[in-house]
2 protein chains.
Amino acid sequence: MNEFNEYFKSAFTVDNIIFGFDEGDLKVLLINRGEEPYKGKWALPGYFVYPNEDLDTAAKRVLEELTGLQNVYLEQVRTFGAVSRHPFGRVITVAYFSLIKISHYNIQPSSIAKKAKWHSVSQVEDLAFDHKEILGACFNRLKWLVRSRPVGFELLPPKFTLTELQHLYEAILETELDKRNFRKKILSMNLLIDLDETQEGVAHRPARLYKFDKEKYEKFLAEGFSFELKESKKKEKKPRKKVRANLA
Amino acid sequence: MNEFNEYFKSAFTVDNIIFGFDEGDLKVLLINRGEEPYKGKWALPGYFVYPNEDLDTAAKRVLEELTGLQNVYLEQVRTFGAVSRHPFGRVITVAYFSLIKISHYNIQPSSIAKKAKWHSVSQVEDLAFDHKEILGACFNRLKWLVRSRPVGFELLPPKFTLTELQHLYEAILETELDKRNFRKKILSMNLLIDLDETQEGVAHRPARLYKFDKEKYEKFLAEGFSFELKESKKKEKKPRKKVRANLA
DNA sequence: TGGAATTAGTGTAAACTGTACACTAGCTTT
DNA sequence: AAAGCTAGTGTACAGTTTACACTAATTCCA
């Protein structure tokens with residue numbers, strides 16, 4: 001297999017876009033570049049893939065070195081490999097994103113982590129390389145994902161209010177949602193556990209706290225449910241005969 | 001930038017899964033491997049990415065060498081890079097798929113193309129490497145895609161009947177569809193041009209022929225319409241005030 | 001040549017889902 | 001005790017999806 005290394009000798013990396021949610025805003029962790037090219041610019045966290053390391057493993061390593069976090073939601077998005085995307089040579093990058101609970105994030109002692117800072121996704125401009133495009137692709141995938149599966153919880157603290165959850169969806173989808181319809185829909189998934197607790201220290205009526213029923217969700221997944229946000233656990237109303245599937 | 005080539009020196013390839021539609025069945029073009037490893041097994045078409053070649057370009061090259069076709073629908077799906085996916089060394093592969101009109105395909109004179117053969121997607125078993133998994137990922141993406149955008153036409157000849165179109169959707173979605181509902185939905189997209197022609201040489205009532213209105217579709221896309229299959233061109237019924245977006 | 005065979009083509013009603021919309025409840029602050 | 005703030009709740013209408021069965025047009029064959 002000596003043709004290996006003849007055709008492709010360039011650098012191979014992963015970028016791991018780290019999303020968080022804070023102050024009602026979707027955030028992304030960016031690194032201030034300390035070296036050329038693009039010295040001083042903000043860039044997405046990433047690193048080379050080691051020869052004996054799977055891609056997912058490399059992405060997790062990037063995350064952990066930056067945040068100390070493990071067991072985090074991770075999604076591969078797309079691979080960017082335009083010939084001239086790096087001015088110093090050919091670099092091919094597999095883009096991932098991670099969803100973390102920003103409250104669990106502690107700045108790490110590594111030199112790279114010290115250069116990291118949260119930015120509002122909506123205000124990011126002018127990143128190094130083609131990182132703006134990569135961020136856009138990841139953000140779009142996240143938008144799609146949040147409509148398809150209950151991943152929003154990955155970004156919230158374990159206990160949250162429905163209003164917080166709604167603000168999260170609004171931040172990701174970049175739209176306003178109707179409060180009553182949102183609650184109806186979310187509660188109809190039957191994946192929230194009402195903790196029978198309320199907020200404390202707020203200067204108004206305190207809201208109920210909920211947590212995500214991860215066990216139930218994973219049971220559903222294991223049973224092969226596709227689990228769109230659409231699906232509602234209805235109680236066997238009129239079981240009308242269904243012989244054929246239909247579109248959309 | 002001498003760190004290049006220190007971390008990652010392995011092979012970098014694209015696979016391009018070529019889908020076609022024939023005899024009411026979704027087909028995939030597979031190559032019979034003439035060499036180790038997996039000699040004699042069926043495999044997905046793919047090749048190394050050249051150093052000065054974009055990923056999409058490499059995928060198009062793979063397609064063209066095999067089929068002679070250009071300007072074909074191409075979609076990047078996912079990158080496969082498990083350490084041990086190739087027994088002879090580290091190989092990272094970006095998986096693409098292409099949708100071609102099988103009637104336009106002519107066997108090419110190259111030696112590789114002579115080893116290519118169409119297989120029913122539903123009957124594929126036991127491919128080389130992790131190609132079964134790659135095929136599965138591409139097929140799933142195609143399923144999603146066909147519900148989101150009118151790409152099915154890429155797989156049909158320029159003139160087709162509604163029944164042919166329905167069979168295509170059924171093959172991709174692996175389900176039966178209701179004839180009347182399917183027609184209603186497809187026609188409500190307003191993207192089919194009724195050619196005022198009918199089939200010839202069939203032993204029953206001939207069906208009307210349609211073609212896909214590509215110009216109209218591209219105009220919509222350019223205007224930023226998301227264009228889900230769901231969208232129907234309704235004629236401004238009761239324009240009820242809408243102040244807020246809602247979920248799903 | 002007429003009837004059998006085959007596929008094309010068509011509408012409606014009921015169920016379900018999505019959307020718009022406004023008031024009361026409960027807590028804190030002054 | 002009133003003002004300020006956010007939580008929490010239901011209903012009606014519009015739109016979409018689904019189930020379902022007969023007539024129409026052509027060829028084939030006896």
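A, B, ... follow the sequence lines: proteins, then strands. Residue 1 opens every chain. This one's a predicted model, so the numbers in the text were calculated from it and none came from an experiment. The analysis underlying the following values was restricted to heavy atoms, covering all of them including side chains, and did not include hydrogens, waters or symmetry mates.
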Whole Å only: how far is the [atom1] atom of [X] from the [atom2] atom of [N]?
X      : N      : atom1 : atom2 : value
B:R183 : D:dT17 : CZ    : P     : 18 Å
A:Q199 : C:dG26 : CD    : P     : 16 Å
A:F182 : D:dG8  : CZ    : C1'   : 14 Å
A:E176 : C:dG18 : CD    : P     : 20 Å
A:D194 : D:dA7  : CG    : C1'   : 13 Å
B:I186 : C:dT10 : CD1   : P     : 15 Å
B:H204 : C:dG9  : NE2   : P     : 10 Å
A:D178 : C:dA22 : CG    : P     : 11 Å

Going by modelled atom types, is there a donor-acceptor pair between the base of [N] and the side chain of [X] at under 3.5 Å?
X      : N      : result
B:K184 : C:dT12 : yes
B:R208 : D:dA25 : no
B:K179 : C:dG9  : yes
B:R180 : C:dA8  : no

*Ring-face cation contact, B:F139 with B:K143, 6.0 Å cut, 45° max*: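 Yes, a cation-pi geometry holds between B:K143 and B:F139.
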*Could you check B:R205 against A:L187 and say which one's nearest nucleotide on DNA chain D is further toward the 5' end?*
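Closer to the 5' end of DNA chain D: A:L187.
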*Specify whether B:H119 and B:W42 have parallel, tilted or perpendicular ring planes, treating 30° as the upper limit for parallel and 60° as the lower limit for perpendicular.*
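If you compare the ring of B:H119 with that of B:W42, the planes turn out perpendicular.
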*Determine the contact category for A:T163: base if any of its heavy atoms lies under 4.0 Å from a base atom, sugar-phosphate if only primed atoms, P, OP1 or OP2 are that close, otherwise nothing.*
sugar-phosphate
Selection from [options] that lies nearest to any side-chain heavy atom of [X]:
X      : options                : value
A:N181 : C:dA8, C:dC21, D:dT17  : C:dC21
A:P206 : D:dG10, C:dC27, D:dC20 : C:dC27
A:A203 : D:dA7, C:dG11, C:dT29  : C:dT29

_With nearest nucleotide decided by heavy atoms, which residue, B:E164 or A:V202, maps closer to the 5′ end of DNA chain C?_
B:E164
*Please tell me if the side chains of B:F97 and B:L44 come closer than 4.5 Å, counting only heavy atoms from C-beta onward.*
no
*Do the side chains of A:L155 and A:I172 get nearer than 4.5 Å, heavy atoms only?*
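They are in contact (side-chain heavy atoms under 4.5 Å apart), so the answer is yes.
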*Side chains of B:E170 and B:H167: donor-acceptor distance under 3.5 Å anywhere?*
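The criterion, which ignores hydrogens and geometry beyond distance, is satisfied for B:H167 and B:E170.
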